[in-house]
Amino acid sequence: MNTPIRTRFAPSPTGYIHVGNVRAALFPYLLARQQGGSFILRIEDTDQARFVEGATDLILDTLEWLGMDWDEGPRKGGEYGPYVQTERREIYLQWAQKLIDKGLAYADPYIPEQVQSFREEAIALKKPFLYRDHRPENPPAWDGSQALRFKVTDPKRYTWNDPIMGELSAGPEVLDDFILIKADGLPTYNFAHIVDDAEMGITHVIRGLEYISSIPRYLSLYEALDLACPVLACMPHIMAPDGKKKLGKRDGARSVTDYRTDGILPETMLNFLASMGWNDGTEQELFSREELIEKFSLERVQRSGARFDEQRLLWMNGQWIRRLELDDLYERVRPYWPESTEEASDEYKKHVLSLIKDRLKTLAEVSMMTRYFFEEPTVDESLISGNKQLSKLTDDERRSILKASHDALESSEWTPEAIQETLNNLLETTGEKPGTLFSLVRIATTWAPFSPQLNDTLALLGKEKTLARLQTAITPGV
RNA sequence: GGUCUCAUCGUCUAACGGUUAGGACACCAGGUUUUCAUCCUGGCAAUCGGAGUUCGAUUCUCCGUGAGAUCACCA
């Protein structure tokens, strides 16, 4: 009987959360859920300079929105807490003491500027810089005011197996005496995450590719601490739209909150991010959270980076919107109605929504797509002049067609079917083509570049409004 | 520059060493007797280059080339 796996997401609260961050949470989440294990959330806030107030809440809110529930961590607690690194200082110091006792950690007598000059010296000589080449003979006893460094005693080549990348290795030249505890008393990521992962029983570490070159250092630290090494997996980056480098905040990576505001569904975001760099080998494109959990595997994760294609995201969002039940969609779209809809009944708005559901790519689009159902539209002559058929007609010809339409509709029953029949009859009596007649009536009643099927639109708009808008369009001066 | 990694349509990707190299997005054309969209048809479009192994290479090996990551008292 295997012990249940434990995976984690360990973000830094340094600002907004972008799609790359979310995907770094998604893969460990999916794996934990699939294997019946635990997904742990840990806040890595040891960089006080980059700490941003409120960033943690933003991260937690985003994960909750996406339905990526965690088993232990902030807002949840758990038996391995605290789950915020600045609250774990004592733990790091205890582990650091173990290394000191073993002679595997020592105080750095230099200040950062001195180390920097060593580094520049090496660069000037075109030699790779290694701190251990400058390792002090008799370092002072560590009193907590200096940085504490790890002592690499046996630089060697490490080889390890990454479930995504395959067999990896790196030589001794990448091993160095890195800093464990900074002069401010807080641990570096390199040290803290090893300690935390061990203390929290993490079995699978899944993180971005940028960590791959540091892994030999982690391996040497696991050895020094006599710790079993968890499974280490690195996943490829999401690339910036130009495909040149990993997506980051400086490249205008949009926050997940922005996509949420635009009306991207959490289903879409999950599906889309999982699909970037993973597929199940079939031709399936749309995966629900449940399907992702069932089918995900690290072995099928792509090894190369993928660009974030917003057009594909929009297409996928449209697909997910279409899959929603109308009532569900109505609830989600609630914040997006224009102000003029406040008076309208839920029933009417829901009906409007049903007509445009197939047209939506984002929830935010309801606003611009439905205005004419709630307020009097503004006449836009360019809709006529820009229309191939309609621009050929004179004003009088257009009025005459609209007049005929008005009169026919006036005596029509007001159901979608009856309206369609009336419109069809009108084609015969006026001798106009559908492209002319229907377009003209559509524009005169909505003044929108596009709208749902004409008979449905008129039926919902109501006889009174339809006739009034046609009358306005017939009135000279329009 | 050192180290490490990656490489199939414009983009996301599929293909036990044997396929007319498949699908999706985008784009183009047509259909669903009005527009936009949905939906359906069809079209365009790819194995980075060179050696080698093999009867046969997108797939394995090597060398190039290109791209990315990393070399912090950041994570």
Side-chain angles (χ1 to χ4, degrees), chain A residues 10-12 14 44-47 49-50 85 108 110-112 115-116 119 122-123 126-130 146-149 162 165-166 168-171 173-174 176 178-190 192-193 207-216 234 236-237 239 241 243-246 272 275-286 302-316 318-319 322 356-361 365 369 383 387 389 423-424 427 432-443 446 448-455 457:
Chain A
S12 263
T14 56
E44 308 211 324
D45 59 345
T46 55
D47 185 351
R50 292 202 307 155
Q85 287 188 327
D108 182 347
Y110 305 113
I111 59 171
V115 177
Q116 183 58 28
R119 183 175 291 117
I123 291 170
K126 294 190 190 293
K127 289 173 66 178
F129 169 74
L130 284 174
Q146 316 99 322
L148 184 71
R149 282 189 186 262
D162 182 309
M165 303 302 290
L168 299 171
S169 78
E173 63 279 356
V174 302
D176 200 5
F178 61 91
I179 290 178
L180 303 168
I181 308 281
K182 297 178 282 183
D184 67 4
L186 286 166
T188 57
Y189 167 82
N190 295 327
H193 91 274
R207 56 189 153 191
L209 201 56
E210 67 267 29
Y211 293 100
I212 204 171
S213 49
S214 316
I215 284 182
C234 289
H237 288 129
M239 310 298 280
K244 294 296 184 194
K245 53 184 174 175
K246 81 168 177 173
F272 188 73
S275 306
M276 292 186 72
W278 175 87
N279 71 83
D280 71 343
T282 72
E283 290 180 354
Q284 185 171 348
E285 307 278 346
L286 265 29
Q302 193 80 4
R303 278 189 284 270
S304 54
R307 297 189 208 189
F308 192 86
D309 181 356
E310 289 208 2
Q311 275 188 308
R312 194 172 156 82
L313 178 76
L314 290 175
W315 165 77
M316 193 174 276
Q319 296 295 315
R322 250 146 264 142
I356 61 155
K357 185 182 174 189
D358 285 352
R359 273 151 241 267
L360 288 175
K361 286 249 194 301
E365 286 173 341
M369 279 192 186
L383 292 174
N387 182 297
Q389 312 289 334
L423 290 170
N424 286 342
L427 285 176
E432 293 295 339
K433 291 177 184 169
T436 306
L437 178 78
F438 291 161
S439 294
L440 191 54
V441 173
R442 192 190 70 74
I443 291 171
T446 65
F450 51 84
S451 50
Q453 199 169 300
L454 186 53
N455 61 330
T457 305

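Letters A, B, ... are given to chains in the order of the sequence lines, protein chains preceding strands, and every chain is numbered from 1.
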Which whole number of Å gives the distance between the P atom of A72(B) and that of U19(B)? 50 Å

For the side chain of P434(A), starting at C-beta, report the closest nucleotide among U34(B), C73(B), A26(B). U34(B)

Rounded off to whole Å, could you give me the NZ-to-C1' distance for the K127(A) and C71(B) pair? 16 Å

C6(B) -> Watson-Crick or G-U wobble partner, both distances under 3.5 Å, gives G66(B)

Heavy atoms under 4.0 Å, any strand shown: does A306(A) hit a base, just sugar-phosphate, or nothing? sugar-phosphate

Give E285(A) one of three labels, base, sugar-phosphate or nothing, depending on what nucleic acid heavy atoms sit under 4.0 Å from its own. base

N/O (side chain, K182(A)) to phosphate O (OP1/OP2, C74(B)) under 4.0 Å: yes

Side chain of M239(A), heavy atoms from C-beta onward: which of C25(B), G68(B), C4(B) has the nearest atom to it? G68(B)

With a 4.0 Å limit, can you tell me whether Q319(A) has a side-chain N or O closer than that to the phosphate oxygens OP1/OP2 of C39(B)? yes

P spacing across the pair A21(B) / A57(B), given as an integer number of angstrom: 14 Å

Nearest-0.5 Å distance that lies between atom CG in L148(A) and atom CD1 in I179(A): 9.0 Å

Send over the distance from R312(A) CZ to U11(B) P, rounded to a whole Å. 13 Å

How many Å lie between CD on E210(A) and P on A75(B), as a whole number? 13 Å

Return the nearest nucleotide to the side chain of D309(A); candidates are U11(B), A69(B), U34(B). U11(B)

Counting heavy atoms from C-beta on, name the nucleotide in G23(B), G68(B), A75(B) closest to the side chain of E283(A). G23(B)

Regarding R149(A), tell me which of base, sugar-phosphate or nothing describes its non-hydrogen contacts under 4.0 Å with the strands shown. sugar-phosphate

Atom CZ of F308(A) to atom C1' of U13(B): distance rounded to whole Å? 16 Å

Please classify the nucleic acid contact of L168(A) as base, sugar-phosphate, or nothing, using heavy-atom distances under 4.0 Å. sugar-phosphate

Partner nucleotide of G56(B) by Watson-Crick or wobble geometry (both distances under 3.5 Å): none

Mind calculating the distance between CE (M276(A)) and C1' (A24(B)) to the nearest angstrom? 14 Å

Starting the side chain at C-beta, find the nucleotide from U35(B), U34(B), C6(B) nearest to M165(A). C6(B)

Within the pair K361(A) and U38(B), is there a side-chain N or O less than 4.0 Å away from OP1 or OP2? yes

Are T457(A) and T446(A) packed together at the side-chain level, in the sense that at least one heavy-atom pair is separated by less than 4.5 angstrom? yes

Given the P atoms of U59(B) and U47(B), what is the spacing between them in whole Å? 13 Å

Is A46(B) paired to anything, Watson-Crick or G-U wobble with both distances less than 3.5 Å, and if yes, which nucleotide? none

Please confirm whether the shortest side-chain N or O distance from R119(A) to OP1 or OP2 of C71(B) is below 4.0 Å. no

Scan K357(A) against the nucleic acid and name what it touches under 4.0 Å (heavy atoms): base, sugar-phosphate only, or nothing. nothing

Of the listed A75(B), C4(B), U34(B), the closest approach to the F438(A) side chain comes from U34(B)

Taking a pair as Watson-Crick or G-U wobble with both distances under 3.5 Å, which nucleotide is matched to A15(B)? none

When all nucleic acid strands are considered with a 4.0 Å heavy-atom cut-off, which category describes G208(A): base, sugar-phosphate, or nothing? nothing

With no hydrogens and no angle check, do the side chains of D280(A) and T282(A) hold a donor and an acceptor under 3.5 Å apart? yes

The side chain of S213(A) is closest to which nucleotide in this list: U70(B), A26(B), U34(B)? U70(B)

With a 3.5 Å cut-off and just heavy-atom distances, do the side chain of Y211(A) and the base of A75(B) make a donor-acceptor pair? yes

Name the nucleic acid region contacted by T14(A), choosing base, sugar-phosphate or nothing; use a 4.0 angstrom heavy-atom cut-off, strictly under. nothing

Looking at Q284(A), does any N or O in its side chain come under 4.0 Å of the phosphate oxygens OP1/OP2 on A24(B)? no

Answer with base, sugar-phosphate or nothing: what part of the nucleic acid does H193(A) contact at a heavy-atom distance below 4.0 Å? nothing

Hey, does Q146(A) reach any base, or is it just sugar-phosphate, or nothing, if we go heavy atoms under 4.0 Å? nothing

Contacts of L454(A) that satisfy side-chain contact (heavy atoms from CB on, under 4.5 Å) - sequence neighbours left out: L423(A), F438(A), V441(A), R442(A), L458(A)

Distance in Å, E44(A) CD paired with T188(A) OG1, rounded so as to fall on 0.5 Å steps: 10.5 Å

Which part of the nucleic acid, if any, lies within reach of T46(A) when heavy atoms closer than 4.0 Å are counted: base, sugar-phosphate only, or nothing? sugar-phosphate

Rounded to the nearest 0.5 Å, what separates atom CG in L186(A) from atom CG in D47(A)? 9.5 Å

Would you give the length of the straight line joining atom CZ of R322(A) to atom CG of L286(A), rounded to the nearest 0.5 angstrom? 10.5 Å

Does P11(A) reach a base, just sugar-phosphate, or nothing at all? Heavy atoms under 4.0 Å. nothing

Using a 4.0 Å heavy-atom cut-off across all strands, classify F272(A) as base, sugar-phosphate, or nothing. nothing

For G1(B), give the paired nucleotide (Watson-Crick: N1-N3 plus N6-O4 or O6-N4; G-U: N1-O2 and O6-N3; both under 3.5 Å), or none. C71(B)

For a quick test of reading the model, state the closest non-hydrogen atom pair linking T46(A) to K182(A) and the distance between them. O-NZ, 2.8 Å

Counting only side-chain heavy atoms from C-beta out, which of U13(B), C74(B), U35(B) sits nearest to R442(A)? U35(B)

To the nearest angstrom, the CE-C1' distance between M316(A) and U11(B) comes to 13 Å

Please state how far atom CG in D184(A) lies from atom P in C73(B), giving the value in whole angstrom units. 12 Å

Quick note, A183(A) side chain, CB onward, closest among U34(B), C73(B), G68(B) is C73(B)

With a 4.0 Å limit, can you tell me whether R307(A) has a side-chain N or O closer than that to the phosphate oxygens OP1/OP2 of U11(B)? yes

Just to be sure I understand the rule, does R50(A) reach a base, reach only the sugar-phosphate, or reach nothing, if contact means heavy atoms closer than 4.0 Å? base

Across the strands shown, which category fits L209(A) at heavy-atom distances under 4.0 angstrom: base, sugar-phosphate, nothing? sugar-phosphate

T188(A) side chain near A75(B) phosphate (N/O to OP1/OP2, under 4.0 Å): no

Where the side chain of N279(A) is concerned, which of C12(B), A14(B), G22(B) is the nearest nucleotide? A14(B)

State, to 0.1 Å, how close Q85(A) and H193(A) come at their nearest heavy-atom pair, and which atoms those are. NE2-N, 4.1 Å

